[in-house]
S.K.: 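First the structure, then my questions, so here it is.
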2 protein chains.
Amino acid sequence: MAIENEIRRLRFENGEMTQQALAESVGVTRQTIIAIEQNKYAPSLEAAFKIANAFGVPLESVFRWRNG
Amino acid sequence: MAIENEIRRLRFENGEMTQQALAESVGVTRQTIIAIEQNKYAPSLEAAFKIANAFGVPLESVFRWRNG
DNA sequence: ACTTAATGTAAAATATATAGTACATTATGT
DNA sequence: ACATAATGTACTATATATTTTACATTAAGT
């Protein structure tokens, strides 16, 4: 999987926001947050936008793509 | 679908790049490009990054998310 | 009129993301 | 020792994205 994410860091920087709280704020289940955070799979573009929005940052500061 | 894309405009701005050429450059099929360009469905995050990369622009200048 | 390139449409098959449920582990507080 | 909150794991089911194949349409060139 060539996509990296900063979710763990962003959760801690936002007052140690729990996975559950993030999931509710994003509108997905906790399992989805866990899987994405652990890079088990990459999110849909819509989920990626919603997660970035939940942190109030641009998408590309949450998810980065390693070319090649 | 709350996600808009600028693929059609970017193709034309890049020397009227065809859907086929874009598909090959991105590494997906022509059908995938057609479907995404026509907003039949939103791409995966990985496909979105690859499309932006094919145009040499940031992801968020190809795909925009309308909140709400 | 014919050919070719580009785009569009449709349907089935496969891959991937997400939801749902259930249980295990670890740390914290009482 | 017990209860609770947070995280992790596993497995099935559902939704969605992508591929594959095939054919239709439109415009451009000869």
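Reckoned from all heavy atoms, side chains included, excluding hydrogens, waters and symmetry mates. In what follows, chains are A, B, ... by sequence order, proteins preceding strands, each numbered from 1. All of these numbers come straight from a predicted model, not from anything done at the bench.
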S.K.: Distance check needed: dA5(D) C1' versus Met17(A) CE, whole Å only.
M.R.: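 Atom CE in Met17(A) sits about 17 Å away from atom C1' in dA5(D).
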S.K.: Tell me whether the side-chain N/O atoms of Gln20(B) come closer than 4.0 Å to OP1 or OP2 in dA5(C).
M.R.: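 No, outside the criterion.
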S.K.: Roughly how many Å is it from CD1 in Ile33(A) to P in dG8(D), rounded to a whole number?
M.R.: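 Rounded to whole Å, this separation is 12 Å.
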S.K.: Do Glu16(A) and Arg11(A) come close enough that some side-chain heavy atom pair is under 4.5 Å?
M.R.: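 In short, these two side chains do not touch, never coming nearer than 4.5 Å.
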S.K.: Categorize Ala47(A) for me: base, sugar-phosphate, or nothing, with a 4.0 angstrom heavy-atom threshold over every strand shown.
M.R.: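 The residue Ala47(A) makes sugar-phosphate contact but no base contact.
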S.K.: Under a 3.5 Å distance rule, please check whether Glu46(B) uses its side chain to pair with a backbone N or O of Ile3(A) as donor and acceptor.
M.R.: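 No: the side chain of Glu46(B) does not pair with the backbone of Ile3(A).
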S.K.: Is there a side-chain contact between Lys40(A) and the phosphate of dT18(C), meaning an N or O under 4.0 Å from OP1 or OP2?
M.R.: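 For dT18(C), neither OP1 nor OP2 has a side-chain N or O of Lys40(A) closer than 4.0 Å.
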S.K.: Taking the side chain as every heavy atom from C-beta outward, state whether Asn53(A) and Leu59(A) have any atom pair closer than 4.5 Å.
M.R.: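 With C-beta onward as the side chain, the pair stays apart.
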S.K.: Would one find a side-chain N or O of Ser44(B) under 4.0 angstrom from OP1 or OP2 of dT18(D)?
M.R.: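 Affirmative; the distance criterion is met.
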S.K.: Quick check: do Phe55(A) and Glu6(A) have side-chain heavy atoms less than 4.5 Å from each other?
M.R.: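 Phe55(A) vs Glu6(A): side chains apart.
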S.K.: Which nucleotide, dT7(C), dT7(D), dG8(C), lies nearest any side-chain atom of Arg11(B)?
M.R.: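 My answer, after comparing the listed nucleotides, is dT7(C).
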S.K.: Counting only side-chain heavy atoms from C-beta out, which of dT7(C), dA17(D), dT9(C) sits nearest to Tyr41(B)?
M.R.: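 It is dA17(D).
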S.K.: Should Arg9(A) and Glu13(A) count as an ion pair when the cut-off is N to O under 4.0 Å?
M.R.: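 Glu13(A) and Arg9(A): salt-bridged.
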S.K.: Which nucleotide wins on minimum distance to the side chain of Ile36(A), given the candidates dG8(D), dA17(D), dT18(C)?
M.R.: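 My answer, after comparing the listed nucleotides, is dT18(C).
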S.K.: Would you call Ile51(B) and Phe63(B) a side-chain contact if the rule is heavy atoms closer than 4.5 Å?
M.R.: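 They are in side-chain contact.
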S.K.: Reading nucleotides 20-30 of chain D from the 5' end, what letters show protein touch, with B for base, S for backbone sugar-phosphate only, - for no heavy atom under 4.0 Å?
M.R.: BBB--------
S.K.: Give the rounded distance in Å between these two atoms: CZ of Phe49(A) and C1' of dT18(C).
M.R.: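 Spelled out: CZ on Phe49(A) to C1' on dT18(C) is 19 Å.
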